[in-house]
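Only one structure is covered here, and it is reproduced in the block below.
Computation of the quantities below employed the complete heavy-atom set of this structure, encompassing side-chain atoms and omitting hydrogens, waters and symmetry-equivalent molecules. When a ligand or atom number is given, it counts from 1 through the structure's own listing order. As the structure is a prediction and not an experimental result, all values here were calculated from the model. All residue numbers refer to positions in the sequence shown, counting from 1.
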Amino acid sequence: MELKVLGACPLDCPDGCSWVVGVEDGRAVGMRGNADHPYTRGALCTKVNRWLERAGQDDRILYPLRRVGAKGEGRFERISWDEALGEIAERLRDVAERFGGEAIWPYWGTGSLGYLQGLEGHVGGRLFNVLGASRHRADICSAAGNAGLTSILGTPGGMDPEDLAHARLILLWGTNPLTSGHHVWKFVQDARKAGARLVAIDPVRTRTAKLADEHLAPLPGTDAALAFGLMNVVVGLGAQDDAFLERHTLGWDDLRERIAEFPPERVAEITGIPEDAIVALGERIARTRPTAIRATQGMQRHAGGGAALRALACVPGVTGDWARRGGGLAFSTSGHVMLDKAALRRDDLRPGPGRTLSMSRLGEGLLDLGDPPVKALFVMAANPVASTPAQGRVRRGLARDDLFTVVMEHFPTDTTDYADIVLPATMQHEHADLHEGYGHLYLTWNEPAVEPPGECLPATETFRRLARRMGLTEPALYESDERMAERALASGHPWMAGITLERLRKEGFVRMNVPDPFLPFADGFPTPSGRLEFRSERAAALGLDPVAGYTPAAEVSDGARAERFPLVLISAASHHFLNTVFGNNPELRRRAGGPVVRLHPDDAAARGLEAGRRVRVFNDRGSFDAAVEVTDGVRTGVAATTKGNWPKFAGGANANAVVDERATDMGGGPVFHDTRVEVEALPEP
Ligand SMILES: Nc1nc2c(c(=O)[nH]1)N[C@H]1C(S)=C(S)[C@@H](COP(=O)(O)OP(=O)(O)OC[C@H]3O[C@@H](n4cnc5c(=O)[nH]c(N)nc54)[C@H](O)[C@@H]3O)O[C@H]1N2
Ligand SMILES: Nc1nc2c(c(=O)[nH]1)N[C@H]1C(S)=C(S)[C@@H](COP(=O)(O)OP(=O)(O)OC[C@H]3O[C@@H](n4cnc5c(=O)[nH]c(N)nc54)[C@H](O)[C@@H]3O)O[C@H]1N2
Ligand code: SF4
Ligand SMILES: [Mo]
């Protein structure tokens with residue numbers, strides 16, 4: 001008889017799907033989206049539909065491995081868990097003794113967002129706290145936007161994306177949901193059926209933009225200017241919500257002056273969008289209540305990414321839409337998740353405060369930092385050779401002979417190729433975990449459905465065994481997965497009331513007890529003033545402009561650099577891969593058809609490039625190879641490619657070979673889409 005086991009997709013996607021695994025005789029025989037989950041509603045996605053196929057792929061890592069070739073070569077021998085843990089325990093102890101705990105860098109990626117097995121995976125987080133390791137700041141994805149929004153709203157958590165269904169005008173701004181989180185589309189379509197208009201704002205005519213009522217294509221990195229231009233039109237019509245501004249905001253006079261600096265004519269020049277289109281959209285916002293903005297990570301991958309989200313959040317402040325159901329801005333709902341994260345992480349176990357290292361700057365961390373230098377790197381659920389900026393520097397750092405590297409993985413990635421020891425990790429349907437979705441308000445429990453293959457172990461169990469091997473006595477290092485989940489759930493916050501592990505296990509998912517309808521700021525904003533802060537003293541204290549404004553991108557706006565490298569490269573989500581996960585799935589690789597760079601016909605013609613031509617995309621940092629697609633779906637001056645290609649299947653490099661390690665204005669995020677390149681034909685084979 002087939003058993004149905006409820007679980008959760010662990011990948012870094014806002015949708016946080018609930019899934020059902022069919023199990024027969026201890027084997028997983030099927031997986032589908034949970035039809036009962038209000039957000040998943042029965043469907044997974046093109047990628048995760050191949051989850052079980054992925055779990056059984058021939059190249060899966062099933063045993064601990066020790067490197068036998070040179071770093072980067074990827075030659076290993078099988079060893080026992082006992083040997084692996086013994087060697088890791090000894091090397092970590094040795095590094096800590098000789099250089100101090102901070103010479104150890106636990107590098108957690110986004111392969112799993114689970115509270116137990118993933119990001120800061122919790123026995124592991126506790127173990128590295130006990131060792132006094134450097135702290136890892138997971139700033140590669142949303143840090144700039146989170147910081148920008150927090151400066152004005154007090155939290156990155158905005159409106160419930162499900163409430164997009166109640167909007168009358170929806171701006172999909174720097175987001176491509178049909179590729180990067182398609183479950184929100186149902187709510188968008190519900191709004192349209194009720195008469196709402198849909199506008200996409202993206203330099204690229206994406207799958208999503210093609211289906212919108214209107215598409216505006218700004219120059220990359222100019223969104224804050226566009227937001228101010230739209231507010232300029234709204235205020236020009238006297239359509240601001242004076243009562244809301246008076247009661248709920250701080251610094252309206254300052255913002256008003258800033259808005260006056262951005263008449264549509266100037267904004268047209270900055271953004272490359274026709275002035276009449278800016279005026280028309282501003283007028284539409286002025287007369288349409290409620291207007292909702294759905295923005296995700298795309299637009300904050302520029303030097304001014306924090307300022308961009310900060311500016312966008314001003315729009316519903318001016319129109320008063322933050323107070324209306326179906327109005328406001330939806331970026332990430334993570335800020336609303338009231339789990340007791342401190343009880344999981346246990347920072348109190350640290351011997352001292354400890355330095356913080358940036359996930360986005362691994363090259364810098366391995367090559368430039370002293371005092372102490374990083375001597376041991378523990379990589380979990382991350383593939384930095386493929387996903388982190390400055391690929392050449394990352395490779396050089398990982399190739400250091402004096403660095404001891406452990407990688408916990410499912411597959412032989414470009415990163416495991418540099419490991420001294422590789423540890424085989426379980427996949428989601430083989431271990432337990434607790435999840436949120438950063439695009440909705442449900443918590444999900446993932447029950448293990450089958451026994452792991454080979455000698456794969458969950459991260460939690462790996463760290464319990466490592467702690468024992470190191471002779472550590474702290475009891476928190478030996479807690480069970482279930483006990484940790486219970487602690488996280490018992491935060492005492494009213495939104496968590498009645499949500500126990502027992503209930504989650506039985507029901508699979510539970511909506512947090514937020515008020516219904518959910519207006520996140522009905523009781524005020526969680527800022528120091530309790531108001532929406534157009535003017536923020538906290539921003540000023542960070543050396544930033546106290547008033548929201550426009551911070552230009554770095555390379556995009558650099559005229560001298562533009563002469564050498566005329567095209568702005570955007571490397572956004574691939575439809576077929578989830579970051580680099582699935583990048584080694586044969587069928588999805590076949591569908592993706594290898595790396596592609598999309599150019600406007602004028603830009604292709606200027607370089608004598610025809611569709612299908614193999615090219616080198618390069619700048620002074622490095623290069624990668626791709627095939628040209630010629631399309632008027634990208635603006636002139638923009639080259640569009642995707643992230644997620646494995647360098648080892650793409651001639652040794654991907655888009656991150658040309659991306660800089662520079663940080664964003666706020667949050668220390670990466671600047672993937674703030675990159676200038678040139679494209680030239682490769683010699684015909
Ligand atoms: N299929 C698939 N789904 C994914 C992922 C994946 O790799 N594949 N990745 C997941 C992860 S980790 C994340 S963080 C999210 C990311 O999901 P998104 O937020 O959608 O991020 P991106 O794909 O980087 O960019 C979205 C859009 O922003 C546009 N864009 C780039 N620069 C600018 C700009 O300056 N202004 C404006 N207005 N638009 C701009 C790009 O052209 C792109 O179409 O998706 C998740 N979902
Ligand atoms: N050029 C460019 N680069 C980008 C981006 C971009 O827009 N453009 N986007 C960035 C973004 S938004 C993100 S979030 C980062 C992601 O960067 P990373 O966090 O490094 O994510 P991935 O590259 O997908 O690597 C995740 C790895 O974890 C493994 N894995 C999956 N599940 C588990 C598990 O349960 N346990 C263990 N041990 N391993 C597991 C997978 O096999 C995979 O190799 O990439 C960034 N890189
Ligand atoms: S990747 Fe996103 S859409 Fe696909 S199953 Fe996972 S959560 Fe759902
Ligand atoms: Mo991400």
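Remark: the backbone N or O of A432 is paired with a side-chain donor or acceptor of Q117 at under 3.5 angstrom.
The closest approach between any non-hydrogen atom of M359 and ligand 2 is below 4.0 Å. Heavy-atom distances between H673 and ligand 2 reach below 4.0 Å in at least one pair. For Q117, the heavy-atom gap to ligand 2 stays at 4.0 angstrom or more. The shortest heavy-atom distance from G181 to ligand 1 is not under 4.0 Å. For the ligand labelled ligand 2, residue R54 lies inside the 4.0 Å heavy-atom shell. Contact annotation: E409 has at least one heavy atom less than 4.0 Å from an atom of ligand 2.
Distances between N or O atoms of T110 and those of ligand 2 include at least one value under 3.5 Å. Distances between N or O atoms of F672 and those of ligand 2 include no value under 3.5 Å. Any N or O atom pair closer than 3.5 Å counts here, and T388 shares no such pair with ligand 2. For the pair Q297 and ligand 1, the shortest N or O to N or O distance falls below 3.5 Å. For F577, a nitrogen or oxygen atom sits less than 3.5 Å from a nitrogen or oxygen atom of ligand 1, counting backbone and side chain alike.
Among T415, T416, L65, the one residue that satisfies the side-chain contact (heavy atoms from CB on, under 4.5 Å) test with E409 is T416.
Within 6.0 Å of CZ on R207 lie no more than 12 heavy atoms contributed by other residues, nucleotides or ligands.
For ligand 2 and T580, the ligand atoms under 4.0 Å from any heavy atom of the residue are 22 (P), 23 (O), 24 (O), 25 (O). Residue contact check: M408 has heavy atoms under 4.0 Å from atoms 37 (C), 38 (N), 39 (N) of ligand 2. If you number the atoms of ligand 2 from 1 as listed, the ones under 4.0 Å from a heavy atom of C141 come out as 12 (S), 14 (S). Every atom of ligand 1 with a heavy atom of R301 under 4.0 Å away is listed here by number and element: 14 (S), 16 (C), 21 (O), 24 (O). Those atoms of ligand 2 with a heavy atom of G109 less than 4.0 angstrom away are 19 (O). Shown in contact with D12 at under 4.0 Å from a heavy atom are these atoms of ligand 2, numbered in order with element: 14 (S). Listed by atom number, the atoms of ligand 2 under 4.0 Å from G111 heavy atoms are 26 (C), 28 (O), 30 (N), 31 (C), 32 (N). Under a 4.0 Å criterion applied to the non-hydrogen atoms of L578, ligand 1 contributes the atoms 2 (C), 3 (N), 4 (C), 5 (C), 6 (C), 7 (O), 8 (N), 47 (N).
Looking at P389, A381, S574 and measuring to atom 28 (O) of ligand 2, the nearest heavy atom belongs to A381. In the candidate list D202, L113, I140, D223, D202 is nearest to atom 43 (C) of ligand 1, counting heavy atoms.
The part of I570 lying near ligand 1 is the side chain, judged by heavy-atom distances below 4.0 Å. Of the heavy atoms in T413, only side-chain atoms (C-beta onward) come closer than 4.0 Å to ligand 2. Proximity of H576 to ligand 1, defined as any heavy-atom pair under 4.0 Å, is not found for any part of the residue.
In this structure, atom 21 (O) of ligand 1 lies nearest to the protein heavy atom G298 N, 3.5 Å. The protein non-hydrogen atom at the shortest distance from atom 40 (C) of ligand 1 is P203 CD, 3.4 Å.
Smallest separation of non-hydrogen atoms from D433 and L116: OD1-N, 2.7 Å.
Ion pair D139/R361 flagged as a salt bridge, since at least one NZ, NE, NH1 or NH2 atom sits closer than 4.0 Å to an Asp/Glu carboxylate oxygen.
Protein nitrogen, oxygen and sulfur atoms, that is N, O or S, within less than 2.8 Å of atom 8 (Fe) of ligand 3 amount to 1.
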